Amino acid sequence: MYIKNLLQFIDQSVTLSGWAANKRESKGLVFLVMRDGTGICQCVVDESKVSPEIFAAASKLTLESSFTLTGNVIKDERQTGGVEVQVTDLKVFQYAMDYPIAKKEHGIEFLMDNRHLWLRSQRQWAIMKIRNTIIFAIHRFFQQEGFVEMDAPIFTGNACEGTSNLFETDYYGDPAYLSQSGQLYGEAMAMAMGKIYTFGPTFRAEKSKTRRHLSEFWMIEPEMAFYDIFQNMDLIEKFLQFVIGEVLKANQPELTIIERDTAVLQTSLDTFPRLTYDEAVAIIKGEKDVNGKNSIKTLEEDLKVIESSILSTQAEITERETKIAQPGIKKGEINFNQNKIAQLKSSLKDLEEQQRNIPQWLESARTFKYGNDLGGSDETVITRLFDKPIMVYDWPHEVKAFYLKRNPEDPRFARGVDVLAPEGYGEIVGGGERETDEKLLIDKINEHELPMEAFEWYLDLRRYGSVPHAGFGLGLERIVTWICGLKHVRESIPFPRSYGRLLP
RNA sequence: UCCUUGAUAGCUCAGCUGGUUAGAGCGAGUGACUGUUAAUCACUAGGUCCCUGGUUCGAGCCCAGGUCAGGGAGCCA
């Protein structure tokens, strides 16, 4: 029996096993908030209805103690889940002593140190449920579309794209690197199977400390024979909309728990705007408006809004601090105000950080040099003007990976495409049509100073039945982060691995 | 690697211009209360003020170096 099914057992006796998420006590009554992994439910132990031993056992329960209980399910609209259980029997597995995560605000370092326990909290639980929906939806979409799942190797003999820093390991005495992408292997498999996708871990040894980076993350890389860049973009759009739609269908309770405003997810079910690199640059530099919105002006207005909310937040903190310093004030009111002040202070820190960052972003947008890749701040600047993901394609070939196909009509550009999520989230997908011309590919490999012998097998794909083909890579944690509206990728994966973080 | 912010009780934070014995709330423990929603009320315990050195009659506060963490840049999904 699980909590999620209780509505079907009104006025019946059930047995549940789980943990104490909270406990409140009153004379003669113990209110246990039980969680069992499928949901939470208030269970009431009434002294007059159970044996003294059971009541004493319930009264002693601490946060995250484990127990099993039997009781009658009562309909009660006031409770989350709409039901309450009136306990008739209780057996404790273990009394948990001094559970570290308290019923209050905690700092991020403390929570990350306790990630193994933090996962039990409602918000993290909801995020993991949504992550699960997304993973399952990805597999279902590709399977429905006739794709074959393949596993690319994790050990690789060389830095395959020659860009990022890779993790080096010892492979029977020779250096081997943890894979930063399965794409090249995906291309080989696509020539065997037609349409394939990989779903596996990816490693980048970048010393990045930002809200969008992890050292280890999960990537989905489809590759399709006989697809050009436009068919690729059609597929990306259909795919992302399927995933978003599945979350909207399956996870309304979870989206409510994490307080996600789903309006932007709804609008994302409409056609994604497709911009060329040239158009995107004009928008970032403020030379071209989007729906009446100008990038530079929007940023300047944001800065003003932030400055005024800093002032009002500071004023409220001072006001509440004065209030609790007055003599004769009730303890409950001090408690309430202190918690409020702690919240205000942490949002003040965020605001001040934005206040420091926005001028840098403005500067970077104003002075953007045509021909460069978009930086993190440029992505933030442009995506805040849209209410759905956008696709940017036809990039200057110098800034993109060696394997991207040159636009035959304008060889200055490569047929890459990046999907940028709205609300400032930035790149969630990178892909494109692949170069099929062996000679152009050899030139590119030399240009990037990559070891030719390591790419002989890859060049074989162009020697034996070369066909137009395309594909893309989706960062799982990035899309979870955007769909959930999280502030940081580290909340999107059970045990994040980032620079300086290997435990727990 | 660079820029920037920070480190005080188990947790979240105060601590003024350097000045006597470092504070609050939460959490924990004890007691009170018959329906609570982070319950409420009273009491109790709880400190290497990140580390090393310096300035000073005196350092949680000032200076130098370091460690760790947050945010950003670069790089990327």
Side-chain angles (χ1 to χ4, degrees), chain A residues 21-33 40 42 44 46-48 62-63 76 78-80 84 97-114 161 163-165 180-181 183 202 204-215 217-221 317 321 324-325 330-346 349-350 352-354 356-361 363-364 373-377 379-380 401 418-421 425-431 472-482 487-490 499-501:
Chain A
N22 197 2
K23 186 188 77 172
R24 292 176 284 271
E25 270 186 286
S26 192
K27 176 122 184 145
L29 290 169
V30 175
F31 300 96
L32 291 173
V33 179
I40 65 165
Q42 173 162 289
V44 187
D46 188 330
E47 193 170 20
S48 65
T62 50
L63 225 52
D76 187 342
R78 291 171 302 176
Q79 307 304 335
T80 40
E84 179 176 278
M97 299 315 290
D98 300 322
Y99 186 65
I101 300 179
K103 299 182 281 182
K104 68 190 294 276
E105 296 281 322
H106 290 281
I108 188 64
E109 188 183 358
F110 176 79
L111 289 171
M112 285 307 315
D113 285 343
N114 289 285
E161 294 178 24
T163 50
S164 310
N165 295 314
Q180 61 160 343
S181 164
Q183 186 214 309
T202 304
R204 306 271 165 98
E206 299 291 347
K207 293 180 177 174
S208 293
K209 296 181 77 162
T210 80
R211 64 184 60 196
R212 45 173 68 135
H213 288 91
L214 291 170
S215 300
F217 60 95
W218 289 73
M219 191 151 69
I220 295 90
E221 295 180 286
I317 290 171
E321 277 174 344
I324 59 173
K330 285 228 172 192
K331 208 174 162 190
E333 212 169 339
I334 293 176
N335 174 16
F336 177 80
N337 279 288
Q338 278 218 338
N339 283 324
K340 203 80 189 170
I341 288 168
Q343 281 170 17
L344 288 168
K345 285 206 169 151
S346 98
K349 271 189 188 165
D350 285 353
E352 283 169 349
E353 233 147 43
Q354 289 183 53
R356 283 191 292 270
N357 288 335
I358 289 182
Q360 294 176 29
W361 296 354
E363 183 61 16
S364 152
D373 203 352
L374 301 192
S377 70
E379 290 178 3
T380 306
D418 282 1
V419 178
L420 309 180
Y425 280 92
E427 187 172 358
I428 52 173
V429 167
F472 61 92
L474 168 79
L476 177 64
E477 286 72 24
R478 290 237 177 125
I479 196 172
V480 173
T481 302
W482 169 59
K487 276 165 66 181
H488 201 296
V489 271
R490 69 185 149 214
Y499 180 51
R501 167 72 63 184

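Please read all numbers here as calculations on a predicted model, not as lab measurements. Within every chain, numbering begins at 1; the chains are lettered A, B, ... in the order of the sequence lines, protein sequences first and strands thereafter.
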Complement of [N], any strand, by Watson-Crick or G-U distances under 3.5 angstrom:
{"N": "A77(B)", "answer": "none"}
{"N": "G10(B)", "answer": "C26(B)"}
{"N": "A64(B)", "answer": "U52(B)"}
{"N": "C2(B)", "answer": "G72(B)"}

Counting only distance, no hydrogens or angles, is the base of [N] paired donor-acceptor with the side chain of [X] under 3.5 Å?
{"X": "E84(A)", "N": "G35(B)", "result": "yes"}
{"X": "S377(A)", "N": "G72(B)", "result": "no"}
{"X": "E206(A)", "N": "G74(B)", "result": "no"}
{"X": "Q42(A)", "N": "U36(B)", "result": "yes"}
{"X": "R478(A)", "N": "C76(B)", "result": "yes"}
{"X": "H106(A)", "N": "C11(B)", "result": "no"}

Using atom [atom1] of each nucleotide, how far apart are [N] and [M] to the nearest Å?
{"N": "G58(B)", "M": "C68(B)", "atom1": "C1'", "answer": "30 Å"}
{"N": "G46(B)", "M": "A7(B)", "atom1": "P", "answer": "26 Å"}
{"N": "C50(B)", "M": "C61(B)", "atom1": "P", "answer": "8 Å"}
{"N": "A64(B)", "M": "G18(B)", "atom1": "P", "answer": "15 Å"}

For [X], answer base if it contacts any base atom (sugar-phosphate contacts may also be present), sugar-phosphate if it contacts only those atoms, and nothing otherwise; contact means non-hydrogen atoms under 4.0 Å.
{"X": "I479(A)", "answer": "nothing"}
{"X": "W361(A)", "answer": "sugar-phosphate"}
{"X": "R211(A)", "answer": "sugar-phosphate"}
{"X": "G375(A)", "answer": "sugar-phosphate"}
{"X": "V489(A)", "answer": "nothing"}
{"X": "L29(A)", "answer": "base"}

Within this structure, what is the [atom1]-to-[atom2] distance between [X] and [N], rounded to whole angstrom?
{"X": "E353(A)", "N": "C3(B)", "atom1": "CD", "atom2": "C1'", "result": "13 Å"}
{"X": "D350(A)", "N": "U5(B)", "atom1": "CG", "atom2": "P", "result": "16 Å"}
{"X": "D98(A)", "N": "G27(B)", "atom1": "CG", "atom2": "P", "result": "13 Å"}
{"X": "D113(A)", "N": "G10(B)", "atom1": "CG", "atom2": "P", "result": "15 Å"}
{"X": "Y99(A)", "N": "A28(B)", "atom1": "OH", "atom2": "P", "result": "13 Å"}
{"X": "L111(A)", "N": "A69(B)", "atom1": "CG", "atom2": "C1'", "result": "14 Å"}
{"X": "L63(A)", "N": "G27(B)", "atom1": "CG", "atom2": "C1'", "result": "10 Å"}
{"X": "D46(A)", "N": "U34(B)", "atom1": "CG", "atom2": "P", "result": "12 Å"}

Name the closest nucleotide to the [X] side chain, picking from [options].
{"X": "D76(A)", "options": "G35(B), A38(B), A77(B)", "result": "G35(B)"}
{"X": "F110(A)", "options": "U4(B), A77(B), U12(B)", "result": "U12(B)"}
{"X": "I108(A)", "options": "U36(B), G74(B), G70(B)", "result": "G70(B)"}

Do R24(A) and V33(A) touch side chain to side chain, with heavy atoms closer than 4.5 Å?
-> yes
Side chain proximity check, I108(A) to K487(A), heavy atoms < 4.5 angstrom |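 Counting from C-beta outward, I108(A) and K487(A) never come under 4.5 Å.
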So, the side chain of E477(A) versus the backbone of V489(A): is there a donor-acceptor pair under 3.5 Å, distance only?
-> no
Find which nucleotide of RNA chain B each of G475(A) and V44(A) is nearest to by heavy atoms, and output the residue with the more 5' nucleotide.
-> V44(A)
Report the residue (G107(A) or M97(A)) whose heavy-atom-nearest nucleotide on RNA chain B is the more 5′ of the two.
->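 Nearer the 5' end of the strand: G107(A).
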Atom [atom1] in [X], atom [atom2] in [Y]: separation rounded to 0.5 Å?
{"X": "I220(A)", "Y": "T202(A)", "atom1": "CD1", "atom2": "OG1", "value": "8.5 Å"}
{"X": "E109(A)", "Y": "H106(A)", "atom1": "CD", "atom2": "NE2", "value": "13.5 Å"}
{"X": "L420(A)", "Y": "Y425(A)", "atom1": "CG", "atom2": "OH", "value": "14.5 Å"}
{"X": "I428(A)", "Y": "R212(A)", "atom1": "CD1", "atom2": "CZ", "value": "12.0 Å"}

Taking atom CZ of F110(A) as the centre, report whether more than 12 heavy atoms of other residues, nucleotides or ligands fall under 6.0 Å from it.
-> yes
Looking at [N], I'd like to know if its phosphate oxygens (OP1 or OP2) sit under 4.0 Å from a side-chain N or O belonging to [X].
{"X": "R24(A)", "N": "U36(B)", "value": "no"}
{"X": "K345(A)", "N": "A14(B)", "value": "yes"}
{"X": "H488(A)", "N": "G71(B)", "value": "yes"}
{"X": "N357(A)", "N": "C3(B)", "value": "no"}
{"X": "R490(A)", "N": "G70(B)", "value": "yes"}

Does the aromatic ring of F217(A) sit over the six-membered base ring of A77(B), closer than 5.5 Å centre to centre and tilted less than 30°?
-> yes
